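Working notes for the structure below.
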Amino acid sequence: MVHDLRFLLILVTIWVVLGLAGLLGLHSIRLERLLFLLGALVAFSVAVLAGMFLAAGGTAQVLVLPLGLPDLPFHIRLDALSAFFLLLVGVAGAGISTFAAGYFRSGEGTAPALLGLQYHVFLASMAVVILADDAYLFMVAWETMALSSYFLVTSQHRIPDIRRAGFLYLIMAHVGAICILLSFGVLQGGSWQFTFDAMRGASLTPFWATTAFLLALLGFGAKAGLVPLHVWLPEAHPAAPSPVSAMMSGLMLKTAIYGMLRISFDLLHVRLWWWGALLLALGLFSALYGAIFAAVQTDMKRLLAYSSIENIGVIFTGIGLAILFETSGLRLFAALAFTAALVHALNHALFKSLLFLATGSVLHATKQRSLGKLGGLIRHMPWVATLALVGTLSIAGLPPLNGFVSEWLLLQSFLFTPQLPHAFLNMLIPLGAAALALTVALAAYVMVKFYGVIFLGQPREASLANARDANWLERLGLGWLALGCIVIGVLPQLALRSAAAVTGTLLGESVRPSATVWWIAPIASGQASYSGLILLLGIVGVVGVAFVLVRFLAHGRVRRTATWDCGYPWQTSRMQDTAEGFGQPIRHMFGGFFRMERDLPSPTDRAPRYRIHIEDRLWRGIYLPIARGVQRLADAIGVVQSGRLSIYLLYSFLTLIALLIFVLL
Amino acid sequence: MPTSHLIAQVLNVLAAGLLLISFAMLSRRRTQRLITLLAWQGAILFLSTCLVAHSSGLSEIYYSAALTLMLKVIALPWILHRLIYQLGAQWDSEPLVNIPATMLVGLVLVIFAFGLAQPISMLATTITRHTLGIALAVILLAFLMMITRRKAITQVIGFLAMENGLFFAATSATYGMPMVIELGIALDLLVGVFILGIFFFQIREQFDSLDLHHLESLKED
């Protein structure tokens with residue numbers, strides 16, 4: 001049965017058609033709204049199809065398209081792994097598209113029709129990346145994805161900083177693409193067949209397999225934002241319009257995860273244990289690094305971008321553990337870690353999109369991105385505040401929401417590492433588990449800061465009183481994503497069952513989705529089990545009882561007043577804890593990570609200003625030296641270009657003579 | 001009716017004339033003299049093409065000879081003369097550095113061209129095959145002239161001289177190129193000279209001179 005695959009192809013084509021249809025009215029925002037809504041519907045259908053395919057067990061379907069170059073047709077394939085990621089793209093894409101229908105206004109940078117075209121091409125290319133079954137189509141779709149997202153990032157191209165961010169992103173994307181291309185070149189193993197089928201059959205020596213793996217790690221790591229290849233992320237995400245940031249962070253980073261999984265678990269037939277250790281170390285470092293940097297940001301979108309780096313780190317940690325277990329023959333535990341990585345990818349797509357979209361609503365309502373100028377928005381934007389709270393709690397990893405499930409699964413798989421047959425690793429990995437726990441705690445801290453500074457407290461600017469809540473389309477989009485967070489949190493067996501199909505095909509083993517109907521116990525019921533629903537019922541019960549007790553049985557009065565004025569009655573909004581204040585302890589404790597420039601005002605200054613600038617050490621440590629080296633090399637080569645015509649003629653002349661001598665010999 | 005042997009002798013003499021003119025071009029200072037030399041080169045080319053046409057009996061080579069006469073002996077020199085008259089450059093001369101050294105380099109190039117042409121002319125069956133080396137030498141010498149000159153007009157003359165060499169190479173190796181291609185090249189040359197003429201005026205307007213070293217200031221640092 002290749003029905004699903006054909007149907008998916010049609011849906012992807014519809015995306016492209018929707019994008020092109022917008023060109024009928026270049027500046028018509030109404031048409032574009034309709035098209036975005038239709039796009040959301042398509043995304044929803046993609047999710048349903050992929051979900052049904054996974055539920056049916058996920059037998060692979062292949063198709064050869066009559067497109068491409070002569071003798072090099074496009075191959076596509078739908079298997080469990082691609083279906084899982086299509087599900088992710090569909091579910092999150094539906095919410096983001098609905099939100100985008102209400103979000104884009106005319107007169108903001110690129111014309112709406114072009115935005116719609118780029119947006120839908122971006123969506124379609126992600127789907128094709130996931131469906132591709134040969135290196136050729138994969139690279140074409142991959143580059144289309146990079147280019148369309150580049151144009152989306154630079155949609156407000158009149159601002160120099162945004163152009164700069166876009167350029168940095170483009171460079172990183174292309175360097176990554178070269179690595180991926182080279183990796184495919186190694187993977188074909190001398191057969192010169194670039195279909196994934198041929199690569200599955202190719203037998204590589206451990207040396208070449210390692211080369212392919214490391215190239216893929218470089219390429220996909222650059223796209224995913226793995227430290228130290230992460231520099232473009234905190235620049236590009238804030239520069240893009242919010243739905244685009246949501247797409248890039250929620251979905252595009254996941255295509256890199258998909259590529260990594262596809263190459264390391266499907267195309268490569270050998271895996272070495274130290275690859276897992278490498279991924280584990282890189283992932284943990286990224287996670288910690290992202291969390292620490294997120295804690296000190298004062299721009300809400302930059303904060304979320306660093307949080308994305310953290311979550312990508314968590315996912316890579318899961319993949320690393322899976323490789324470690326798998327190479328040691330512990331397939332069940334490998335499946336557990338793999339499941340944790342997959343479920344976390346899905347969760348991150350949901351809650352990070354939700355939060356980025358919420359910042360978009362805040363941005364539109366207040367024109368402010370800096371946390372220092374926000375505050376108290378929960379009163380003016382109750383819808384956005386409530387829905388963002390769901391996302392915040394999920395990303396902080398609190399039960400009964402979805403973030404908890406994946407982090408719990410990952411910590412569970414850490415608990416089985418003592419069974420690994422590497423004595424040295426066994427001593428180190430508990431440190432990794434501790435680092436992960438630290439990261440999770442820091443992430444919760446970051447989210448308290450994020451939510452507290454934006455939505456709670458007093459407004460820090462007078463203009464915030466005019467903030468209006470999001471329109472109904474935006475609410476619908478946010479609501480859909482929040483619903484996803486809650487459903488996966490309460491009924492994690494749904495996500496586990498989808499992931500089970502993937503681990504079943506790739507590892508030949510999968511965790512048990514559910515012990516009984518409402519409980520999940522991935523390894524054995526006696527080991528550890530969790531039920532989101534029962535926990536939710538418990539929480540609702542306790543809160544309900546407390547509410548009834550306080551409201552109806554005790555005094556029951558409501559009094560609005562300042563919390564604690566220390567005997568000083570004139571409280572202003574300037575006295576609240578600021579974003580900088582929230583970050584200060586982290587900045588203090590992890591001072592070694594940052595490069596800080598601080599201007600402290602003198603005590604006699606009548607208009608004191610406090611300024612702090614925090615920079616990534618890696619930027620000066622790695623990127624600037626590379627840039628300087630390239631500059632020097634270019635200068636050295638530039639000597640050739642003297643500007644004198646006779647010298648240029650001499651070059652052609654000498655070339656001619658050299659070629660003639662070559663002929664003569 | 002001269003024998004083919006005699007024709008070959010005459011052709012060799014003509015080819016030697018071409019080579020001499022090329023050397024003369026390397027050492028001339030005055031732009032006007034260079035144009036005259038170019039016209040002479042065209043004339044020799046016309047004569048040799050006629051001879052080849054006569055000896056081979058291929059009538060279409062006559063057409064190509066007629067084309068050479070019209071374009072290279074009459075039209076292009078006339079256009080160039082008018083150009084330098086309009087530009088007020090008819091009395092221009094340019095300082096040449098070290099003519100003996102340039103001549104020596106030219107000699108080396110000629111020897112190199114002969115060495116290069118020897119294995120190729122073994123393969124050719126035409127009556128003119130021994131002149132292939134000279135044709136190559138003419139091309140290289142014209143190139144050398146372009147390198148050593150600094151005026152815009154002399155660059156164009158060098159370019160045209162190179163084309164003459166190419167044309168001679170084509171006739172001597174394979175009895176010329178197909179007519180369509182030859183017509184195309186002739187048109188290209190004509191248009192090219194026109195366009196370069198327009199450039200001259202632009203360059204002079206910008207820098208008050210046709211000296212190319214002014215163009216060095218266009219380089220971006």
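None of these values were measured; they are calculated from a predicted model. So you know, we letter chains A, B, ... as the sequences are listed, proteins then strands, and number each from 1. Hydrogens, waters and symmetry mates play no part in the numbers below; they use all other heavy atoms, side chains included.
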Fill in the blank from the handout: From the list A:Val663, A:Ile647, A:Leu649, A:Ile657, the residue making the most non-hydrogen contacts under 4.5 Å with chain B is A:Leu649
Problem - Over 12 non-hydrogen atoms of neighbours within 6.0 angstrom of CZ in B:Arg33 - result: no
Completion exercise
One option among B:Leu144, B:Leu116, B:Leu136 has the most heavy-atom pairs under 4.5 Å with chain A, and it is B:Leu116
Problem - Neighbour count above 12 (heavy atom, 6.0 Å) for A:Arg164 CZ - result: no
Practice task
Count the heavy atoms belonging to other residues, nucleotides or ligands that lie under 6.0 Å from CZ of A:Phe167, then report whether that count exceeds 12.
Solution key: no
Practice task
Inspect the surroundings of CD in B:Gln206 and state if more than 12 heavy atoms from other residues, nucleotides or ligands are less than 6.0 Å away.
Solution key: no
Problem - Test item: B:Leu140 and A:Leu656 side chains (from C-beta on) under 4.5 Å apart, heavy atoms - result: yes
Problem - Enclosure of A:Tyr648 OH (heavy-atom neighbours >12, cutoff 6.0 Å) - result: yes
Practice task
Please examine the side chains of A:Phe653 and B:Leu109, heavy atoms only from C-beta on, and report whether any two atoms are closer than 4.5 Å.
Solution key: yes
Practice task
Would you indicate whether B:Phe143, at its atom CZ, is surrounded by more than 12 heavy atoms from other residues, nucleotides or ligands within a distance under 6.0 Å?
Solution key: yes
Handout entry: Close side-chain approach of A:Leu645 and B:Arg150, heavy atoms under 4.5 Å
Key = no
Exercise for the section: Please round to the nearest 0.5 Å and tell me the distance separating atom CE of B:Met146 and atom OG of A:Ser652. Expected result: 8.5 Å
Handout entry: Proximal component of B:Gln118, with respect to chain A [non-hydrogen, under 4.5 Å]
Key = neither
